[in-house]
There are 2 protein chains.
Amino acid sequence: MPSDTGERPSVRRVTGNKEPEILAAAEREFMSKGFDGARTTSIAEAAGVTHAMLHYYFRTKEQLFYRIIDRKLRLMGESFLMAVEGNPQQPFLHRIETGIGRHFDFMAENPDLPRFVINEILSHPERYTVMQESVRRIVSALTQTLQRELDAAAERGETERMDIRMLMLDIISLNAFTFISYPIIEPIFGDLTGERERFLKMKRAENIETIMRRLRRAQTT
Amino acid sequence: MPSDTGERPSVRRVTGNKEPEILAAAEREFMSKGFDGARTTSIAEAAGVTHAMLHYYFRTKEQLFYRIIDRKLRLMGESFLMAVEGNPQQPFLHRIETGIGRHFDFMAENPDLPRFVINEILSHPERYTVMQESVRRIVSALTQTLQRELDAAAERGETERMDIRMLMLDIISLNAFTFISYPIIEPIFGDLTGERERFLKMKRAENIETIMRRLRRAQTT
DNA sequence: CGCTCTATTAACAATTTTGTTAATTCAAAG
DNA sequence: CTTTGAATTAACAAAATTGTTAATAGAGCG
């Protein structure tokens with residue numbers, strides 16, 4: 001019997017260790033169909049093992065799912081930071097500009113991450129209530145720091161005065177929704193087919209431009 | 001036996017007609033859990049009927065689902081138009097401004113519409129391939145008209161020259177993602193609890209401001 | 001070789017979920 | 001009152017889905 005701690009024993013693993021294959025197949029299945037739509041038999045089949053093997057390695061569908069969603073939640077956290085972190089010596093506006101680009105590129109590499117995470121949290125909220133308070137504290141501290149920086153930049157006349165949470169939401173909305181909606185709009189915008197890269201490059205510039213215009217001090221006509 | 005045409009016979013409906021109750025319960029269940037997570041037994045229970053009744057009225061889970069998703073797809077279509085339609089006599093900028101507000105208000109009344117529709121299309125694409133071509137044609141015609149109007153406004157120096165599809169995506173992203181993400185950010189932004197109205201009013205103004213700044217002609221400093 | 005322990009399989013089991021059916025109720029029409 | 005047909009129910013059935021178990025294979029070690 002495998003250990004219950006979630007970590008497979010690493011000694012004497014001689015015959016095929018199918019854990020990576022199962023995890024990879026599980027990621028594909030869960031990401032595309034969600035927890036409810038995913039089938040452990042499909043995952044096992046895609047991984048090239050019997051479904052008893054899947055239960056041998058992970059006991060239950062839920063435990064296998066936790067291994068996947070855990071990584072995805074971490075990635076989600078990273079993506080938020082990506083949009084706002086950076087060298088604090090650099091001008092605020094410049095940091096935000098590069099932050100938006102980095103966040104966009106991250107989304108491009110994980111295009112169904114936000115949809116997946118949001119969905120799972122909303123359809124099974126009870127699983128995520130434990131994390132809430134710690135996340136709240138981290139975000140609260142981060143926004144306070146950033147708000148002070150933005151206030152200072154506004155004081156110097158570099159930017160507009162605004163609520164940092166609105167700005168962060170604007171950035172994440174423009175970037176994340178691009179990828180959330182892409183599979184839907186790609187066929188109906190039509191000429192996008194096979195031009196994913198070109199379209200995304202264009203939208204990346206568009207999102208940066210939109211936020212920069214929002215943030216830069218408006219000329220008093 | 002009920003007719004197969006999807007329309008219940010309307011004569012001699014004397015004993016309780018439970019169709020509306022089932023539809024209402026189905027809408028709640030499908031919207032919150034998606035097709036895969038929804039259970040016909042839960043729907044029947046919530047509607048106060050036996051699950052045999054549900055099958056008597058709708059035969060299959062899929063047919064019941066189609067009744068729900070059909071209305072939702074229509075709503076989704078409406079919401080797109082909402083952002084761009086308006087009296088063509090009015091100045092382009094002004095029409096867009098009121099359009100954004102109307103679109104936002106529509107999203108506020110249907111907060112889980114975009115998430116639901118996007119999810120269902122992505123997790124069961126085969127169900128929606130039939131509509132694709134007609135939708136593509138409608139959108140294509142609409143964007144061509146709007147692009148010409150925007151070009152004209154840019155020619156007159158009222159707006160920046162830009163791709164209308166980018167603009168539409170910006171508007172929809174800012175508005176829709178506000179509601180897609182709201183249930184997640186509400187507890188972690190913390191002080192939002194019980195202040196939904198205040199927050200939404202603020203974000204509504206923010207989205208309009210963001211787009212107007214994107215669209216208005218930048219001063220040549 | 002024979003022991004041990006992990007990996008693997010096939011078969012089984014329990015539960016859930018969707019769907020069916022035959023019998024019954026009940027209001028309205030004749 | 002009887003007939004009629006829709007509405008309703010309980011019981012059944014089939015399939016899917018998750019999970020278990022007992023038996024076995026097979027590598028490494030003494």
Side-chain angles (χ1 to χ4, degrees), chain A residues 1-26 28-30 32-69 123-124 127, chain B residues 1-26 28-30 32-69 123-124 127:
Chain A
M1 277 283 282
S3 71
D4 258 350
T5 62
E7 210 48 57
R8 320 259 52 264
S10 56
V11 289
R12 300 244 269 136
R13 177 70 45 70
V14 193
T15 39
N17 177 8
K18 300 294 175 50
E19 198 179 285
E21 280 89 342
I22 298 175
L23 279 172
R28 290 193 298 272
E29 176 89 357
F30 283 131
S32 63
K33 306 192 191 166
F35 180 83
D36 293 325
R39 297 290 167 247
T40 53
T41 49
S42 303
I43 294 171
E45 193 186 12
V49 301
T50 64
H51 84 279
M53 276 302 304
L54 182 146
H55 287 289
Y56 174 71
Y57 275 101
F58 299 98
R59 286 197 61 79
T60 68
K61 181 182 180 182
E62 279 224 334
Q63 283 197 39
L64 176 55
F65 179 74
Y66 284 141
R67 292 287 291 272
I68 304 299
I69 190 85
S123 56
H124 303 277
R127 288 178 184 153
Chain B
M1 276 285 281
S3 70
D4 257 352
T5 61
E7 210 47 58
R8 320 259 51 266
S10 56
V11 288
R12 297 244 270 137
R13 177 71 44 70
V14 194
T15 39
N17 177 9
K18 300 295 174 49
E19 197 178 286
E21 281 89 341
I22 298 174
L23 279 171
R28 289 192 299 270
E29 177 90 356
F30 283 131
S32 63
K33 306 193 190 164
F35 180 84
D36 293 324
R39 296 291 166 249
T40 53
T41 50
S42 304
I43 294 171
E45 191 186 13
V49 301
T50 63
H51 85 278
M53 276 303 304
L54 182 146
H55 288 289
Y56 173 71
Y57 275 101
F58 299 97
R59 285 197 62 79
T60 68
K61 182 183 179 182
E62 280 225 334
Q63 284 197 37
L64 176 54
F65 178 75
Y66 284 139
R67 291 288 291 270
I68 305 298
I69 192 81
S123 56
H124 303 277
R127 288 178 183 153

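The sequence lines fix the lettering, A, B, ..., with proteins before strands; numbering per chain opens at 1.
Straight-line distance from the CD atom of A:Gln63 to the P atom of D:dT18: 15 Å, rounded to whole Å. Taking atom CZ on B:Arg59 and atom C1' on D:dA6, their separation rounds to 16 Å, with Å as the unit. The distance between atom CZ of A:Phe35 and atom P of D:dT18, rounded to the nearest whole Å, is 8 Å. Atom CG in A:Leu64 sits roughly 10 Å away from atom P in D:dG19 (whole-Å rounding). Distance, B:Phe58 CZ to D:dA7 P: 12 Å, rounded to whole Å. Rounded to whole Å, atom C1' of C:dT18 lies 16 Å from atom CG of A:Asp36. Remark: C1' of C:dT17 and CD of B:Glu62 are 14 Å apart, rounded to the nearest angstrom. Per the geometry, NZ belonging to B:Lys33 stands 13 Å off C1' belonging to C:dT17, to the nearest Å.
Nearest to the side-chain atoms of B:Thr40 among the listed nucleotides D:dT18, C:dT21, C:dT18 stands C:dT18. Among C:dG19, D:dG19, C:dA7, the nucleotide with an atom closest to any side-chain atom of B:His55 is C:dG19. Here C:dT18 is the nucleotide among D:dT18, D:dA7, C:dT18 with the atom lying nearest to any side-chain atom of B:Thr41. Of the candidate nucleotides D:dT17, C:dG19, D:dT20, D:dT17 has the atom nearest to the side chain of A:Arg39. Of the candidates D:dA7, D:dG19, C:dT18, C:dT18 carries the atom nearest the B:Lys61 side chain, counting heavy atoms from C-beta on. Distances from the side chain of B:His51 to the nucleotides C:dG19, C:dT9, C:dT8 place C:dG19 closest. When each of D:dA10, D:dA7, C:dA7 is scored by its nearest atom to the side-chain atoms of B:Met53, the top-ranked nucleotide is D:dA7.
B:Lys18 contributes no side-chain N or O that, together with a main-chain N or O of B:Gly48, makes up a donor-acceptor pair within less than 3.5 Å.
The side chain of A:Tyr56 places no N or O atom within less than 4.0 Å of a non-bridging phosphate oxygen (OP1 or OP2) of C:dT9. Close to C:dT8, at under 4.0 Å from its OP1 or OP2, lies a side-chain N or O of A:Lys18. The shortest distance between the side-chain N/O atoms of B:Thr50 and the OP1/OP2 oxygens of D:dT9 is below 4.0 Å.
Closest non-hydrogen pair, B:Lys61 versus B:Ala38, comes out as NZ-O, 2.9 Å. Residues A:Ala25 and A:Ile43 approach most closely at CB-O, 3.5 Å, considering heavy atoms.
As judged by a 4.0 angstrom heavy-atom cut-off over every strand, B:Ala44 is placed among residues making no nucleic acid contact.
A cation-pi geometry, defined here as NZ or CZ lying under 6.0 Å from the six-membered ring centre and within 45° of its normal, holds between B:Arg127 and B:Phe35.
Salt-bridge annotation for A:Arg39 and A:Glu45: absent, with no side-chain N of the basic residue lying under 4.0 Å from a carboxylate O of the acidic one.
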